[in-house]
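Starting off with a structure, shown below.
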Amino acid sequence: MTLTGAEDADVVIVGARLAGTATAVPLARAGRKVILLDRTSFPSDQLSTHVLVPSGVSELQRMGALPHILKLGPAQARYLGVTVGDIRLRERFATVDGIDYGVCVPRYDQDVCLVTACREAGADVREKSVFEDVLWENGRAVGVRYRHNGRKYEIRARLVVGADGRQSRTAAAVGAWTPYRGSKNGRGFAFRYMDDPALDTIHHEIYGIYRSGPRIVLTLPSSPRGRLLVVFMTPADDIPRFQQGGERFWQEAVAEEPEVAERISGAQNVSQLRSTRKLASYYRRSSGPGWALAGDSGHFKDPVAGQGQRDALRHGRLLGEAVNAVLDDPAALDRALCAWEKNRDDDTRSSYHWGNRESRPDAPSALIREVLRTFGDRGEGRPDFSDTFNRTRKVEHVIGPSRMVRGLVRALAAPGADRRGILREVAGEIPTELAIRWETRFGGFRYDGWAPSERPGWSVGEPPRPRTAEAEAVPQPAP
Ligand SMILES: Cc1cc2nc3c(=O)[nH]c(=O)nc-3n(C[C@H](O)[C@H](O)[C@H](O)COP(=O)(O)OP(=O)(O)OC[C@H]3O[C@@H](n4cnc5c(N)ncnc54)[C@H](O)[C@@H]3O)c2cc1C
């Protein structure tokens, strides 16, 4: 790779994982000159549990990464299994674009496949290249300054895309660091890889969700085939205990979940335990004159819903597709960016609220259990509840008013029911349901500040410190 001091591109993208590569591929395929900068070099790991259901895998297929992923030999999960006490659901995932399975490939392996597909499409991915600042002209983003091997360089471009994750320096540079709304997570994540003792059984095709007390536990057939990712989505206050108590606390936590203990009985650990509690969800302003923020840099939802990768891929692709025809017309480009952002919000809002609600560290209530029980009604094995994860229907349509009423009637009618408690819970949920439907019907999501699913006290921390243009001289292009 020959770098000059300053060069031109159609689009420059900061970050070369899900959002960045997905944005780049349609543009590069259309013949646009696209440069991606990433401070890391691939393969490279990322703190994430990386489950994708068919709607996410279909995005891998569209961008040309799926053949590379399949070469890794991942388990292909065709079912969702839910175990809540005596309730057991098992559904096949709905097929999306011909894909009827999910994959769960560690980021170290997955992301290098994305970069490979991106390069095959014709984009220029530059590793160990650290974005420092946006270049501006008359209030418009016109390029970036970055550092590589201790030297500084500039790229001028019609569009600057920040796809640099939650700690987005691009968001800080365009003045969008502070989210306009967000929610405090009630759960943290603790996870590790194990060898799956159920390798040659149907269980190695099932994404398992277990809920008894306040924890949600996932068993996710992973990659290579035979590996299992076991995730505790546990009250955030548990995380320091996982971190300090390590192995002993893990063993105790497994013992408290009998169905999980049975599922992983005999499994050998093949990795260290990893954990985090820094998971506040948020929306940042994500478009402006000559710039856009894709993936986590613009919006992060609680990973309890497992939707971040799918959204980063899908809305990255939609961004690339939306701007290709208008890159040469600044006014039309800015309109397209604004419309893209609105569409992203419309598509992600439902999962955002769902993630906020599922992040509450509560045990499943009698009402939730009875609502869950209604999911067998459409026939054993058919997609229904799993549509929430697969995004084939919005959460508020899958768990709509008629299902809620059926669950409520069953919960109230159960022998020994705490009817007052159940009605109090319903009264608490109604404002959230109404707010979601109001937002959907009348808009009014952006900048409105608060919805009842959102927990106060959230923070995304301080923005990365700015690096000024004057800090170091920028080399000029060779004559
Ligand atoms: C604990 C946890 C569990 C999760 N589990 C799931 C799950 O099961 N399923 C799911 O779908 N989603 C999950 N997510 C969410 C998912 O990980 C993210 O939504 C996804 O990684 C977003 O991709 P991205 O491309 O926007 O950003 P990232 O993956 O964060 O990539 C950003 C890239 O930008 C680069 N970068 C940053 N700063 C600079 C700079 N200054 N210069 C150059 N490059 C830079 C970084 O090196 C990185 O490669 C989880 C997240 C967490 C934290």
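Remember, it's 1-based here, ligands and their atoms both numbered in the order they're listed.
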Q) Is there a heavy atom in Gln167 that sits closer than 4.0 Å to ligand 1? A)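 It does not, in that no heavy atom of Gln167 comes within the 4.0 Å cut-off of ligand 1.
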
Q. Does ligand 1 have a heavy atom under 4.0 Å from the side chain of Gln46, from its backbone, from both, or from neither?
A.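 Near ligand 1, Gln46 shows its side chain, while the N, CA, C and O stay back.
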
Q) Looking at Leu18, which atoms of ligand 1 are within less than 4.0 Å of one of its heavy atoms? A)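 Those qualifying, in numeric order: 20 (C), 21 (O), 23 (O), 25 (O).
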
Q) Hey, which atoms in ligand 1 end up nearer than 4.0 Å to a heavy atom of Leu279? A)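 Once the distances to Leu279 are compared, the set is 53 (C).
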
Q) Is Ser129 touching ligand 1 with its side chain, its backbone, both, or neither, if touching means heavy atoms under 4.0 Å apart? A)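 Backbone only.
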
Q | Closest protein heavy atom to atom 11 (O) of ligand 1, given as residue, atom name and distance to 0.1 Å | A |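 It is Gln309 N, 2.8 Å.
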
Q) Has the side chain of Arg187 got a donor or acceptor atom that lies under 3.5 Å from a matching backbone atom of Pro214? A) yes

(Q) With respect to Val51, determine whether any N or O atom, backbone or side chain, lies less than 3.5 Å from an N or O atom of ligand 1. (A) yes

Q. What about the rings of Phe300 and Tyr283, do their centers lie closer together than 6.0 Å?
A. no

Q) Judged by modelled atom types alone, do Glu454 and Ser183 share a side-chain donor-acceptor pair under 3.5 Å? A) no

(Q) Need the ligand 1 atom indices (1-based, order shown) with element for anything under 4.0 Å from a heavy-atom of Thr276. (A)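 Listed by number with element: 1 (C).
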
Q: Examine ligand 1 and decide if any of its atoms is less than 4.0 Å from a heavy atom belonging to Arg166.
A: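 The answer is yes: ligand 1 sits under 4.0 Å from a heavy atom of Arg166.
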
Q. Between the side chains of Asp38 and Ser129, is a donor N or O closer than 3.5 angstrom to an acceptor N or O?
A. no

Q) Should Tyr108 and Phe42 be marked as a ring-ring contact (aromatic ring centres under 6.0 Å, His included) after you check the CA-CA gap, both sets of side-chain angles, and the distance that decides it? A) CA-CA 8 Å; Tyr108 186 83; Phe42 296 96; 9.8 Å; no

(Q) With heavy-atom distances below 4.0 Å as the criterion, list the atoms of ligand 1 near Gln307. (A) 11 (O)

Q.
Yes or no: does Ser44 have any heavy atom under 4.0 Å from an atom of ligand 1?
A. no

Q) To which protein heavy atom is atom 24 (P) of ligand 1 closest, and what is the distance rounded to 0.1 Å? A)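 Sorting protein heavy atoms by distance from atom 24 (P) of ligand 1 puts Ala19 N, 4.0 Å first.
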
**Q.** Subset of ligand 1 atoms that lie under 4.0 Å from at least one heavy atom of Arg107
**A.** 17 (O), 20 (C), 21 (O), 29 (O)

Q.
So Phe93 and Asp387, do their side chains get closer than 4.5 Å, heavy atoms only?
A.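 Not touching, per the 4.5 Å side-chain cut-off.
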
Q) Would you call Arg140 and Asp334 a salt bridge, taking side-chain N to carboxylate O under 4.0 Å as the test? A)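 Judged by the 4.0 Å cut-off on N to carboxylate O distance, Arg140 and Asp334 do form a salt bridge.
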
Q | Side-chain ion pair, Asp347 and Lys342, N-O less than 4.0 Å | A |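 Salt bridge flag = no for Lys342 with Asp347.
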
**Q.** Row check, Phe249 ring normal vs Arg241 NZ/CZ: under 6.0 Å, within 45°
**A.**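 Judged by the rule (NZ or CZ under 6.0 Å from the ring centre, within 45° of its axis), Arg241 is not positioned above Phe249.
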
Q. Regarding Tyr153 and Arg147, is there a side-chain donor-to-acceptor distance under 3.5 Å anywhere?
A. no

Q: For atom 40 (C) of ligand 1, find the nearest protein heavy atom and state the residue, atom name and distance (0.1 Å precision).
A: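 Sorting protein heavy atoms by distance from atom 40 (C) of ligand 1 puts Phe131 N, 3.8 Å first.
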
Q.
Considering non-hydrogen atoms of the protein only, which is the closest contact for atom 26 (O) of ligand 1, and what is the distance?
A.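 The protein heavy atom lying closest is Asp296 N, 2.9 Å.
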
Q: Could you check atom 45 (C) of ligand 1 against the protein and tell me its nearest heavy-atom contact, residue, atom and distance included?
A: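 Result for atom 45 (C) of ligand 1: Arg39 CG, 3.8 Å.
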
Q. Any idea which part of Asp111 is under 4.0 Å from ligand 1, heavy-atom wise: side chain, backbone, both or neither?
A. neither

Q. For atom 33 (C) of ligand 1, which candidate among Leu229, Asp38, Leu313, Leu114 holds the nearest heavy atom?
A.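 Looking at heavy atoms only, the winner is Asp38.
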
Q) Tell me, which protein residue and heavy-atom name are nearest atom 15 (C) of ligand 1, and how many Å apart are they? A)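 Nearest protein contact, heavy atoms only, for atom 15 (C) of ligand 1 is Gly308 CA, 4.0 Å.
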
Q) Using 4.0 Å as the upper bound for N to carboxylate O, is an ion pair formed by Glu7 and Arg126? A) yes

Q: Answer yes or no: is there an ion pair linking Arg169 with Asp164, defined by an N-O contact shorter than 4.0 Å?
A: no

Q) Where on Thr49 is there a heavy atom closer than 4.0 Å to ligand 1, on the side chain, on the backbone, on both, or on neither? A)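 Within the 4.0 Å criterion, Thr49 contacts ligand 1 through backbone and side-chain atoms alike.
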
(Q) I'd like to check which ligand 1 atoms, numbered from 1 as shown, lie under 4.0 Å from a non-hydrogen atom of Gly15. (A) 33 (C), 34 (O), 35 (C)

Q: Determine, stepwise, if the pair Phe131 / Tyr146 fulfils ring-ring contact (aromatic ring centres under 6.0 Å, His included).
A: CA-CA 4 Å; Phe131 162 80; Tyr146 75 101; 9.2 Å; no

Q. Ser351 and Gln307: side-chain donor and acceptor closer than 3.5 Å?
A.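 The criterion, which ignores hydrogens and geometry beyond distance, is not satisfied for Gln307 and Ser351.
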
Q: Please could you name the atoms of ligand 1 that Val130 approaches to less than 4.0 Å, counting only its heavy atoms?
A: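 Numbered from 1, ligand 1 contributes 42 (N).
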
(Q) List ligand 1 atoms under 4.0 Å from Gly295, heavy atoms only on the residue side. (A)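 Within the 4.0 Å cut-off of Gly295, ligand 1 contributes 26 (O).
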
Q: Measure Ala163 to ligand 1 on non-hydrogen atoms and call it side chain, backbone, both or neither using the 4.0 Å cut-off.
A: backbone

(Q) Name the residue from Ser222, Pro43, Ser48, Pro74 that meets the side-chain contact (heavy atoms from CB on, under 4.5 Å) definition with Pro106. (A)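 Between Pro106 and the candidates, side-chain contact (heavy atoms from CB on, under 4.5 Å) is satisfied uniquely by Ser222.
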
Q | Nearest protein heavy atom with distance in Å, relative to atom 17 (O) of ligand 1 | A |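 In this structure, atom 17 (O) of ligand 1 has Ser48 OG, 2.9 Å as its nearest protein heavy atom.
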
Q: Among all protein heavy atoms, pick the one closest to atom 31 (O) of ligand 1 and tell me residue, atom and distance.
A: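 Protein heavy atom at minimum distance: Arg17 CD, 3.4 Å.
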
Q | Under-4.0 Å heavy-atom contact with ligand 1, by part of Pro303 that carries it | A |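 It is the side chain that touches ligand 1; the backbone stays farther off.
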
Q) Are the ring centres of Trp354 and Phe389 closer than 6.0 Å? A) yes

